[in-house]
Amino acid sequence: MDDEVHGGRSPDGVHQEPVVKYRKVSKSFGSTVVLNEIDLDIYPGEKVAVIGPSGSGKTTLARMLMTLEEPTAGTIEVDGELLWHQEVKGKLVPANEKHLHNVRSKIGMVFQHFHLFPHMTILRNVTEAPIHVQGMSRAEATERALEMLEKVGLSDKVDEYPSRLSGGQKQRVAIARAVVMRPRVMLFDEATSALDPELVGEVLSVIKDLAAAGDMAMMLITHEMDFAGEIADRVIFTDMGSIVEQGTPEQIFERPQSPRLQAFLSRFRQTWFMGGVQEASISAEKR
Amino acid sequence: MLQTSIWEFTPLLLRGALITIEVTLAATVAAVLCAFLSGFLRLSKSRILRLIGTVYVEVFRGTSLLVQLFWLYFALPILLDIHISAMSAAIAAIGLNYGAYGSEVVRSSIVSVPKGQYEAATALNMSPWLRMRRVVLPQALPLMLPSFGNLQIELLKGTSLVYLITLTDLTYQGMILRSYDSSKTPEIFAMLLFLYFILAYSFTWVIRFLERRTAKGRA
Amino acid sequence: MWDWSYAFQILPELANVLPITIAATVVGFAAACALGLPLSLARKSNYKAISYLALGWIEFIRSTPLLVQLFFLFYALPLYGISFSPFAAGVLGLGLHYSTYMSEVFRSGIDAVPAGQWEAAKALNFGKRRTWTNIILPQAVPPIIPVMGNYFITMFKETPLLSAITLVELLQTAKAIGSGSFRYLEAFTLVGLLFFLLSYPSSLLVGRLEKRFQRK
């Protein structure tokens with residue numbers, strides 16, 4: 001069945017063309033295989049959460065889409081266009097920088113460690129790419145940036161430098177910086193993992209608002225299970241370089257099928273709560 | 001023997017100082033250009049470009065400045081059958097020599113900018129050139145300044161060698177004065193040292209000023 | 001243009017002077033170390049006056065050209081009755097000039113020895129001298145050997161300056177050969193080559209040493 005291989009329908013239930021297609025994507029670092037022949041589709045506007053143990057390859061999955069790592073094998077398509085390859089005279093050749101640049105414009109990413117530009121004010125951090133990459137006028141970029149910074153609740157900090165902000169504030173700026181570019185797909189690579197616990201909520205709430213606003217597809221690599229359950233249309237569990245199981249949040253968290261997923265979730269048993277999960281039901285599954 | 005007071009030396013010494021400053025500034029510009037050019041060559045993805053950069057750096061770091069000076073002034077004109085003025089040879093030799101040392105400063109400063117900055121810039125779809133210009137270099141430059149400051153002083157000291165290819169710099173004028181009144185030799189050399197010291201401190205002051213100005217935004 | 005046979009002809013003459021260049025480097029380096037250690041101790045002295053005097057001396061010598069310092073030693077001191085041979089003036093000049101750099105290197109090496117070592121020495125009732133020779137210096141020196149090695153190579157490349165105070169070393173010999181036959185190209189190129197062939201492998205060696213000490 002289609003759903004099993006490619007994972008899902010688009011949110012409105014009607015089959016649209018996926019905005020991202022991974023086909024037999026593999027990645028090795030030397031002799032270490034990090035990802036093994038991944039097939040994955042992401043639909044426009046779909047929110048996909050990716051969970052799994054460290055080293056399972058989930059970060060690499062996102063980084064390859066953001067062109068930060070090159071796949072060892074396989075292809076990735078964005079909006080119908082090959083990302084890492086070009087067709088030259090009917091043959092597939094590795095894409096040049098110009099091609100990467102064109103396709104990359106549809107992807108945005110928020111990093112675990114924010115990576116704000118320390119030598120620029122918050123406002124400049126957000127206007128820099130619209131002006132110099134998208135060719136926007138300074139006035140228009142500033143307007144959009146201020147709008148975005150207001151949405152993430154940082155209007156009062158626009159002229160500050162990143163060193164003066166808390167981790168949660170920095171991450172909110174990083175989100176504004178990425179979203180202002182209007183990508184088709186936003187990647188969140190463990191966006192809250194580097195934050196002190198009391199700052200996690202403010203960032204999750206911004207991401208939640210983004211998800212609700214609608215038309216941007218999102219890939220959220222996260223350990224925040226309850227949050228994933230709240231906003232994701234689909235949850236993917238990766239382990240040792242493969243997609244082991246995927247489904248709706250309800251399927252994944254309440255009725256995990258594979259032993260590996262069950263083992264993984266049991267480690268989080270004490271820290272998340274989701275209506276109806278009992279120890280008993282999990283041990284019942286094991287029988 | 002003509003008895004002269006050391007204050008009569010001053011005009012001649014100042015004229016020499018002017019040449020010294022001229023050579024220093026011109027050679028500094030040349031050195032900075034060489035440093036950045038070769039620094040970027042050594043960061044290039046192309047093996048050949050990296051090799052060219054490395055050969056330049058190792059050759060000019062591995063041989064003596066005075067030898068390079070002599071070579072450019074005496075040997076190169078013979079090889080290419082051209083005339084090279086002492087000033088040109090001086091600026092070229094000093095610029096190339098200290099540019100080679102500066103190359104390592106440039107390279108290591110750029111490399112020490114955190115990888116995350118490169119990735120964030122890529123995620124925003126900045127081209128490599130844009131990324132270098134607006135994200136990496138502005139963060140690398142403040143890191144280069146302290147080492148550049150040290151090299152600047154070494155460069156200033158290096159200019160004293162141009163006396164040996166008959167450029168009329170500060171040291172040259174000192175030697176001229178000595179020929180007028182050799183009994184004043186200690187005083188003359190003491191004044192030379194003192195003037196060089198003042199020049200060195202002025203340059204240090206400029207570098208410190210630049211360091212402060214580029215430190216904005218950092219806590 | 002380049003004449004290979006001429007180049008090979010003058011090569012032995014140049015190679016003959018190499019020992020003087022190397023001797024000047026070795027003795028100058030020894031002098032720099034010998035003068036640098038007391039200077040570094042002066043910098044670390046608890047008496048502010050001594051410390052600042054040392055600092056002033058270091059800053060002054062480091063900021064002024066070695067050439068002028070050599071001239072001072074060779075041409076000015078005789079007026080006060082102190083006469084040096086070109087070699088003596090040369091190694092003294094090199095030693096004085098680079099002792100200021102060495103003092104900073106020694107200082108950082110000594111500072112890198114953990115404070116606990118001093119305390120342990122005291123607890124075991126080591127005298128001041130023994131503390132230095134048996135405990136501190138053996139720990140301070142090995143990590144700074146690569147840096148010292150680099151300065152050795154630097155001093156080697158500075159020896160041509162000694163030609164300005166009439167020491168007959170490599171550059172001076174090349175000048176003499178060149179002016180005699182009006183062929184400067186081969187002479188100066190060979191000198192450059194000789195310096196490179198000696199200093200480049202040495203700097204690679206020092207780099208290797210540095211990596212070894214980093215791993216410790």
Side-chain angles (χ1 to χ4, degrees), chain A residues 59 62-63 65-69 97-98 100-122 124-135 159-165 170 173-183 185-189 194, chain B residues 36 39-41 43-50 105-149 207-219:
Chain A
T59 294
R63 286 170 65 84
L65 182 55
M66 193 66 254
T67 73
L68 296 173
E69 307 276 3
E97 176 59 33
K98 192 156 175 282
L100 281 171
H101 179 84
N102 284 335
V103 189
R104 196 192 286 141
S105 61
K106 306 204 174 140
I107 316 284
M109 185 157 172
V110 172
F111 298 87
Q112 186 178 351
H113 296 287
F114 342 121
H115 299 321
L116 293 183
F117 303 135
H119 56 298
M120 300 183 192
T121 61
I122 299 306
R124 256 198 80 197
N125 258 277
V126 182
T127 59
E128 190 72 3
I131 294 175
H132 294 279
V133 178
Q134 291 178 334
D159 288 319
E160 297 269 16
Y161 283 93
S163 57
R164 308 276 301 250
L165 268 56
K170 282 193 252 203
V173 175
I175 294 174
R177 181 176 69 170
V179 174
V180 85
M181 298 289 279
R182 305 239 176 109
V185 185
M186 266 289 270
L187 309 172
F188 292 86
D189 185 7
Chain B
F36 274 95
F40 279 113
L41 277 178
L43 289 168
S44 157
K45 292 209 179 98
S46 149
R47 257 189 99 197
I48 300 173
L49 290 179
R50 276 206 308 272
V105 176
V106 169
R107 196 196 61 85
S108 66
S109 302
I110 289 180
V111 159
S112 67
V113 173
K115 196 160 165 257
Q117 293 291 303
Y118 287 84
E119 299 197 338
T122 303
L124 292 169
N125 209 12
M126 292 190 184
S127 69
W129 173 230
L130 187 67
R131 179 178 69 193
M132 176 59 69
R133 227 184 52 205
R134 298 197 68 95
V135 175
V136 179
L137 267 183
Q139 296 184 58
L141 277 166
L143 301 172
M144 300 183 201
L145 281 176
S147 299
F148 272 176
I207 299 283
R208 296 259 168 85
F209 173 72
L210 286 174
E211 276 179 43
R212 276 200 307 271
R213 276 209 58 196
T214 58
K216 65 170 185 239
R218 265 159 276 271

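Quick note on labels: first sequence line is chain A, next is B, and so on, each numbered from 1.
Between the CG atom of B:Leu130 and the NE2 atom of A:His101 there is a distance of 9.0 Å, given to the nearest 0.5 Å. The line from CD of B:Glu119 to CD of A:Glu69 is 7.5 Å long, rounded to the nearest 0.5 Å.
Of the listed residues A:Met120, A:His113, A:Glu128, the one with more heavy-atom pairs under 4.5 angstrom with chain B than any other is A:Glu128. The choice from A:Leu116, A:Val110, A:Val180, A:Leu187 that makes the most heavy-atom pairs within less than 4.5 Å of chain B is A:Leu116.
Shortest non-hydrogen contact noted between A:Arg104 and B:Thr122 is CD-O, 3.2 Å. A pairwise comparison of heavy atoms in B:Ala120 and A:Phe117 identifies CB-CE2, 4.2 Å as the closest pair. The shortest heavy-atom contact between A:Glu97 and B:Pro128 is OE2-CD, 3.8 Å.
No side-chain heavy atom of B:Pro114 sits less than 4.5 Å from a side-chain heavy atom of A:His115.
Of the two parts of A:His132, the backbone and the side chain both hold a non-hydrogen atom closer than 4.5 Å to a non-hydrogen atom of chain B. Heavy-atom distances place both the backbone and the side chain of B:Leu124 under 4.5 Å from chain A. Only the backbone of A:Ile107 comes within contact range of chain B, judged by heavy atoms closer than 4.5 Å. Residue contact with chain B, scored on non-hydrogen atoms closer than 4.5 Å, involves the backbone and the side chain of A:Arg177 alike.
For CZ of B:Arg133, the number of neighbouring non-hydrogen atoms (other residues, nucleotides, ligands) closer than 6.0 Å is greater than 12. For B:Arg50, the CZ atom is densely surrounded, since the number of other residues' heavy atoms within 6.0 Å is greater than 12.
Between the side chain of A:His119 and the backbone N or O of B:Arg134, at least one donor-acceptor pair lies under 3.5 Å.
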